[in-house]
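Each residue takes its place number in the sequence, starting with 1. Order of listing sets the numbers, starting from 1, for every ligand and every atom in it.
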Amino acid sequence: MAEIVREGNLFHLRNEQISYILCVMPENVLAHVYFGRRLSRLNPDPVLRHAGSGDTYYFTTQECGLDRLPQEYPSFGLGDQREGALRVENADGSSAVDLRFVSAVIEEGKPGLEGLPATLGSGAQTLLITLKDRQTNLQVELLYTVFDDCAAIARSAKIINAGLADVKITGAMSLSVDLPDSRWDLITLNGAWARERNVYRRPLMPGFQGTATQCGASSLQQSPFLALARPETTEAQGEAIGAALVYSGNFKAQAAVYQNDAARLTLGINDTDFAWLLPSGEAFQTPEAVLVYSREGLGGMSRHFHRLWENHLLPRKWVHAHRPVLLNSWEAAYFDFDEEKLVSIAQSAANAGVELFVMDDGWFGHRDDDTTSLGDWQVDKKKLPGGLGRLSDRVRALGLQFGIWMEPEMVSPDSDLYRAHPDWAIHIPGRTPITGRHQLTLDLSRKDVQDFVFRSVADTLKASKAAYLKWDMNRNFSNIGSAALPPEQQKELPHRYILGLYAVMEKLVKAFPDVLFEGCASGGGRFDPGMLYYVPQFWCSDNTDALCRCRIQYGTSLFLPASTMGSHLSAVPNHQTGRIAPIETRFAVALGGCFGYELDPRKLTEEEQAALQGQVKFAQETESTRLHGHQYRLLSPFAGNETAWITVSKDQKEAVFTYVKAQAEANTAPALVKLQGLNPENRYRIMETNEVYSGDELMYSGLLCKAGMGDTASLLYTLKAVEA
Ligand code: GLA
């Protein structure tokens, strides 16, 4: 059970697994004294003495003790030389903020954040702490939530200008945590297009380390996530702290090591090139950040994240709803299609039992390639003479649902929209627009643009009777300027853009509650908890190669669950790598997320076509375990030649196990892979081999994995508990 108790000058947030403790110090400075495994109580003196190097721990701001004090929401300019959580420009030009504790309120439940995605739900307690700078009357409201069911704390800050003069915020983090030591490894997820979310692990060092974006999106290259793991922490054992930002724009995730080897973790909107004018009487809300704590290694950390998002963030209606097995037309046809071809592909998908046919890019304007027509969301009558309605009717007559692709945030210079509204694109007047994939970004900070985007999507959904929308976004910001903002507010544009995007998404998902939205950004370029508040699934990567996907899905799973990853079986040779992996391996790996096809089924061999029906059925039957079971990563593709993972149903009665061996080797012993998450006392039948083993032997001795001959061989096993 989650509870927040006030014990003297301490606020103790806890549930069965974790404790998070704040301390109001003399002179009302707010200190951070603990985050970790649940405590019954804490005497904060040892922590404070440790920070103050032994003898003195009575920190007064007069004595500048702030430079060592572990703090909850540090600021710069009054004694703390470290990088703070809040930086402003006061009316007098100074940056100093002196935040002192004023009051605290404890409430049941978890409030949402205005205009921003955030965790929600009952079974939680929330602490609201108000801090204030008495000289300028700048207030900060710190919000903390502890949940019944997850080892997680949600945090955010609201900056309120209760003074008379305008203030400029130049940095406002969502989270800052001071840890007493730096004996941690830092783990981040970094990559590139078609290589998203590779796992990087290195020891913390004095100075700054972390990851950040300033391209307008959480991006293909970075993820708004970091983890700290003890050097000895493995997948299954040891301490780990994970932090993630519920946000889709520019972010900074940083760990800094200072004197005394203390570490400061910060996470929030990137303060590089960020400024926000805060007139008297107004407030600025930071996005929400979450912290999870695990004693069961990185695997435990991931499962805490997965449970938190599934129980408190993902759209309620969709999180556990059946995700239709889909076929997407992109790698099947690219821009080269017409109504007859699409219907014929759909027919062949329907024969295999596929449930949803998605028409990807190329159906509007005169878009025969990627140089044109974004923004002109009128159907191309040359390709689809009967319009969206007739195509949708014909597809639906085959027993399939119909889905459609849009890239609503974009405009092609060659479009009627751009010719009519050049000012709607993000640009700096006087400078030549810089295109990316031949397109410009619409300025979603503007209300008129938000309304246009909403209307375009709503009209398209209605005209196509679509049950699914793939919402794509294929370029990052450049020439960052808005025709609608005055010079002193130009640095607000990236955040205002994200607020505009969220406002449109919020309105759309409310207006079309029965439409399944899938996010996409050149693959996984904005695959973050912020977007997942609106869309339950995201196209994980444009790379559909099975081996590459092992790495991408493994990295993604560090903080996002399988139920959020769009994952499709595609043709060989693979379109991104040229690799020819057996269909069994492509299938096994694509089952690691929301399963679908990204190919023209008419081009498969007869044997492969015949296999599709069985695949669809298998995907459907195992869906609940694969997408919502507890996931255990067993062998890392970043560490060697093999990848393995298992998802175990919550009642431990069923599990799906996947093993992939990248390169074939001669004369090697087959792997003995130790499974995890099973009930040691259960006996499990491996349905594919009919062998029966007990849970303990599978976990403590191992499962023998003898994959077939050739590269990219794999095993896909379903385990079912049987009567003893
Ligand atoms: C992006 C997406 C792809 C596809 C194309 C269409 O690259 O990631 O899945 O939709 O756009 O242009």
Parallel, tilted or perpendicular, judged at 30° and 60°: which one describes the rings of F305 and F225? perpendicular

Sequence neighbours excluded, the answer for side-chain contact (heavy atoms from CB on, under 4.5 Å) partners of A192 is R195

If you look only at pairs with a residue in residues 544-571, which of them pass as a salt bridge (charged side-chain N to carboxylate O under 4.0 Å, His left out), with sequence neighbours excluded? D545-R579

Sub-4.5 Å side-chain heavy-atom contact between P224 and Y247: no

Centre of Y554's six-membered ring, under 6.0 Å away, within 45 degrees of the axis: is that where NZ or CZ of R633 sits? yes

Taking ring-ring contact (aromatic ring centres under 6.0 Å, His included) as the definition, give me every residue that meets it alongside Y659, ordered by chain and number, with sequence neighbours left out. none

Which protein residues have a heavy atom under 4.0 Å from ligand 1? W330, D360, D361, W405, R437, K470, D472, N474, C520, S522, G523, W539, D542

